[in-house]
Amino acid sequence: CHANTFIQKIDRFVRRGIRYMNVDTTTPGGIQHAKDLNLAESGLAKIIFSSYFHGGSEIFNPVNRGRFFTIFRHPIERAASLFYYRQTATWE
């Protein structure tokens, strides 16, 4: 996303009974946007998802602390899955 397309305030919405926010923490730009909107200070988010550990950690600070947890796949299962996927993935 281009910086000009980001929203200027945090907003919440509900979809299928689950509460979401209009902040995307799955990209470096989205993480920066969450920081700019003071997501941690707002107290609105209980959980964020991101594969960018260091960037995601920068959303929080000593006053508005976050906790991290990680889910890893077994390395052999991951390698086997990638092997079989690449045999059929002609679009990559």
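If you read the sequence from its start, that first residue is 1, and numbering goes on from there.
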Where V23 and G30 come nearest, the two heavy atoms and their spacing: CG1-O, 4.3 Å
Candidate pair I31 and S50, rule side chain to side chain contact (heavy atoms under 4.5 Å, CB included), full reasoning: CA-CA 9 Å; I31 290 170; S50 184; 3.5 Å; yes
Members sharing I47's hydrophobic cluster (side chains within less than 4.5 Å): F49
From L44 atom CG to N38 atom CG, the distance as rounded to the nearest 0.5 Å: 11.0 Å
Residue pairs fulfilling salt bridge (Lys or Arg N to Asp or Glu O under 4.0 Å) with at least one residue in residues 21-31, sequence neighbours excluded: none
Closest non-hydrogen atom pair between A40 and F60, with its separation: CB-CD2, 3.7 Å
Euclidean distance, S81 OG relative to R86 CZ, rounded to 0.5 Å: 10.5 Å
Over 12 non-hydrogen atoms of neighbours within 6.0 angstrom of OH in Y84: no
side-chain contact (heavy atoms from CB on, under 4.5 Å) involving E77 - partner list, sequence neighbours excluded: H74
Residue pairs fulfilling salt bridge (Lys or Arg N to Asp or Glu O under 4.0 Å) with at least one residue in residues 47-61, sequence neighbours excluded: K35-E58
Partners passing side-chain contact (heavy atoms from CB on, under 4.5 Å) against D36 (at least two apart in sequence or in another chain): Q32
side-chain hydrogen bond (donor to acceptor under 3.5 Å, both in side chains) against N61, all qualifying residues, sequence neighbours excluded: E41, N64
